Amino acid sequence: MSEGKAHLNFIEEIIEEDLRNGKHSGRIHTRFPPEPNGYLHIGHVKAITINFELAKKYGGKTNLRFDDTNPTTEDTEYVEGIMQDIRWLGYQWEAEALYASDYFEQLYQYALKLIEMGLAYVDDSTPEQIAEMKKTPTEAGIESPYRNRSIEENLELFKDMRAGKFEDGSRVLRAKVDMSSPNMHMRDPVIYRIKHEHHHRTGDNWCIYPMYDFAHGQSDSIEGITHSLCSLEFTHHRPLYDWFIEKLGIFPSRQIEFARMNVTYMITSKRKLLKLVEEGIVTGWDDPRMPTIAGMRRRGYPAAALRQFCEKAGVAKRDNLIEIELLESCVRDELNRIALRAMVVTDPIKVVITNYEEGKTEVLFAENNPEDETAGSRELSFSNELFIERDDFMENPPKGYFRLYPGGSVRLKSAYIITCEEVIKDENGVLELRCKYVPESKSGEDTSGLKVKGTLHWVDAKTAIEGEIRDYDRLFTDPTPAGHDDKDVFDFINPESLIINKNARFESSVALMKEGTPYQFMRKGYYTADRDHRPDHPVFNSTVNLKEGFKVQKA
RNA sequence: UGACCCAUGGUGUAACGGUAGCACUACAGAUUUUGGUUCUGUCUGUUAAGGUUCGAAUCCUUAUGGGUCAACCA
């Protein structure tokens with residue numbers, strides 16, 4: 001890392017302050033606490049990196065704890081997916097994955113303790129009545145008629161709740177805090193509800209389940225979490241978090257809130273993401289256009305780039321909207337370093353080399369990665385029939401165009417310099433280009449003395465493999481699709497977010513390429529083989545384009 | 001209109017009472033067998049008004065703007 005003064009974010013400042021004061025003997029322990037009810041997305045990546053990187057930086061530990069206190073929405077399927085995603089991001093949690101449901105008995109005991117202290121009561125009111133009595137933020141709430149039940153009665157009722165003697169929704173356990181607090185969360189929050197439902201881990205052992213507020217802080221405390229990092233919307237929960245810890249006299253974990261990350265052209269609403277899948281706008285949770293970790297992985301975004309992105313985006317408490325260009329920059333930066341180069345012509349136009357012996361095939365060599373000598377080189381076949389990109393030829397080139405045009409010369413990457421001598425057309429356009437090559441201009445041993453402006457990618461028509469390229473663009477046409485009061489995100493679906501091209505010609509080495517490995521198709525962009533990829537039928541997903549310094553205006 | 005949080009270039013984030021910096025973006029230029037990479041440069045900023053101070057992005061006050069909170073969700 002860079003020398004000089006370290007720029008600490010506000011969480012690091014708090015941690016270093018705690019370290020200076022010898023708090024918790026210098027121990028740092030964080031946690032990532034997803035609810036297993038969906039797939040992880042870009043917003044979670046932020047939370048994951050903050051928790052794991054902070055612990056790493058200060059020699060601490062990070063737990064993975066599933067916040068599984070609501071059996072209605074949770075499932076083991078999600079547990080598996082979440083663990084896979086975190087591992088893929090490059091993080092390893094402390095020991096085994098933990099579950100809030102492992103603490104159900106302990107939490108129950110805490111609740112009994114609270115009742116015994118006169119700080120919790122069973123309320124028989126309906127949900128509507130409870131909401132009514134809470135009133136509004138500007139108006140003090142009123143106390144429930146059940147608020148002053150005796151401790152004995154509360155104990156008996158709560159035990160009966162656990163024993164399954166009551167119907168769902170007929171009663172709840174509430175903490176006795178302050179019905180007139182300006183903080184709505186302190187107005188006697190519900191801490192246990194009755195749900196006769198099957199839990200993905202505890203099965204049918206319980207019919208009462210703790211609410212978030214009664215599970216999260218205590219779980220942190222049980223695990224000895226020192227710094228419990230969460231997003232800003234939990235700020236109002238902190239007084240309650242502290243209240244339970246204080247009344248119960250348990251380990252004082254500290255909650256710290258940061259602003260969650262928003263990225264242009266992306267949405268993170270679970271409901272809306274689900275709708276994209278259900279309506280078939282995308283092919284699934286791992287569609288390469290999805291902001292899910294699974295989607296970004298399939299798209300070809302490297303885990304290191306995602307980590308780098310979060311680090312560069314920083315952490316603070318103000319609302320933010322980070323431009324997706326920063327993410328793409330991180331992706332390109334990483335890919336430029338590691339991606340092997342290859343040549344693929346996406347929209348082929350045939351080139352015949354008139355002065356090259358027909359039937360002859362020559363082997364040329366091309367470096368795999370100019371950024372990395374150890375990446376070695378590969379073989380390319382060359383013959384009198386080639387393909388180049390349709391965009392790389394213009395009959396009437398504009399000023400500043402230095403690709404191929406009638407009478408013009410270009411270098412074919414890692415091969416020879418060619419000159420266009422004849423254009424064969426029909427009414428639909430250019431059919432074929434007839435060119436001469438310069439034998440002395442062979443790449444690496446060029447004695448021709450010729451200098452050309454342009455270098456084009458190409459493939460040998462005789463050995464090229466035909467295949468498919470799936471070109472992905474932003475899913476939405478608006479940078480903040482969810483940020484309009486008068487419009488829905490579905491009003492901003494980009495109709496061209498996926499363009500499938502089945503006419504691409506790949507150099508023959510594509511047969512050796514593997515799913516998930518990043519490649520740079522020279523002068524086009526970064527791509528990764530999809531799971532549908534086969535050696536004889538290539539299928540690649542576009543990850544991100546190369547930066548373009550020159551744009552050809554289409555006629 | 002109750003409480004709480006926040007306000008630095010187009011975007012994000014630093015500066016902890018003492019030269020407003022870095023990154024992304026955009027735009028130039030150099031290098032280049034990828035119009036990529038690399039390198040160099042340019043543009044643009046402390047929400048406002050008062051106050052404290054030799055000195056304020058930073059401390060205080062007020063205003064303005066934005067956000068959050070009223071699930072038996074997390």
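Numbers restart at 1 for each chain; the letters A, B, ... are given by sequence-line order, proteins then strands. Everything quoted here is computed from the prediction, not taken from an experiment.
Atom CE of M266(A) and atom CE of M296(A) lie 5.5 Å apart (nearest 0.5 Å).
When the ring-ring contact (aromatic ring centres under 6.0 Å, His included) test is applied to F214(A), the partners found at least two apart in sequence or on another chain are Y192(A), F244(A). With sequence neighbours excluded, the residues forming a salt bridge (charged side-chain N to carboxylate O under 4.0 Å, His left out) with D333(A) are R337(A), listed by chain and number.
A perpendicular orientation is assigned to the rings of Y39(A) and Y78(A), their planes being inclined by more than 60° (bins at 30° and 60°). Aromatic ring orientation, Y212(A) versus H237(A): perpendicular (interplanar angle above 60°, classes split at 30° and 60°). Ring planes of F104(A) and W206(A): perpendicular class, angle over 60° (limits at 30 and 60°).
For R318(A), taking side-chain heavy atoms from C-beta onward, the closest of the listed nucleotides G2(B), U8(B), A74(B) is U8(B). In the set U68(B), C72(B), G12(B), the nucleotide with an atom closest to the side chain of N320(A) is G12(B). When distances are taken from the side chain of V190(A) to each of C72(B), C4(B), G12(B), the shortest belongs to C72(B). Among the nucleotides A14(B), G35(B), A70(B), the one closest to the side chain of H7(A) is A14(B). Listed candidates were U25(B), G12(B), A74(B). Nearest to the side chain of L321(A) is G12(B). The side chain of V172(A) approaches C72(B) more closely than any other nucleotide in the set A70(B), U13(B), C72(B). Across A74(B), G35(B), U68(B), the shortest atom-to-atom separation from the side chain of H236(A) is found for U68(B). Side-chain atoms of L326(A) lie closest to A23(B) of the nucleotides U33(B), A23(B), A70(B). Here the nucleotide nearest the side chain of E323(A), chosen from U11(B), C69(B), G2(B), is U11(B). Ranking A14(B), U1(B), U33(B) by closeness to the R411(A) side chain, first place goes to U33(B).
In this structure, the aromatic ring of Y212(A) is not positioned over the six-membered ring of the base of A74(B) within 5.5 Å between centres and 30° between planes.
A close approach under 4.0 Å does not occur between any side-chain nitrogen or oxygen of T126(A) and OP1 or OP2 of C72(B). Applying the 4.0 Å criterion to OP1 and OP2 of C73(B), one finds that K270(A) has every side-chain N and O outside that range. The side chain of R187(A) places no N or O atom within less than 4.0 Å of a non-bridging phosphate oxygen (OP1 or OP2) of C69(B).
Relative to the six-membered ring of F387(A), R505(A) meets both conditions, a distance below 6.0 Å and an angle of at most 45° to the axis. Seen from the ring of F166(A), R171(A) counts as a face-on cation partner, given the 6.0 Å and 45° thresholds.
Going from the P atom of C6(B) to that of A28(B) covers 41 Å, rounded to whole Å.
In the interface, the side chain of R523(A) is not paired with the base of U34(B) through any donor and acceptor atom under 3.5 Å apart. The base of U33(B) is not paired with the side chain of S414(A) by any donor and acceptor separated by under 3.5 Å.
Near RNA chain B, meaning a heavy atom under 4.0 Å away, the residues from residues 445-456 of chain A are T455(A).
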Heteroatom pairs (N/O) under 3.5 angstrom, protein to nucleotides 36-45 of chain B:
unit_1	atom_1	unit_2	atom_2	d
G36(B)	N2	E371(A)	OE2	2.9
U37(B)	O2'	N336(A)	ND2	3.1
U37(B)	O2'	E371(A)	OE1	3.3
U37(B)	O2'	E371(A)	OE2	3.3

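Among residues at least two apart or in separate chains, salt bridge (Lys or Arg N to Asp or Glu O under 4.0 Å) pairs with a member in residues 177-189 of chain A are R147(A)-D188(A).
Residue contacts for F402(A): at a heavy-atom cut-off of 4.0 Å it reaches a base atom on one of the strands shown.
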- prompt: So what does the secondary structure string of RNA chain B come out as, 5' to 3', with Watson-Crick or wobble pairs under 3.5 angstrom, [ ] for crossing and | for pairs with another strand?
  reply: .((((((..((((....[..)))).(((((.......)))))....(((((..]....))))))))))).....
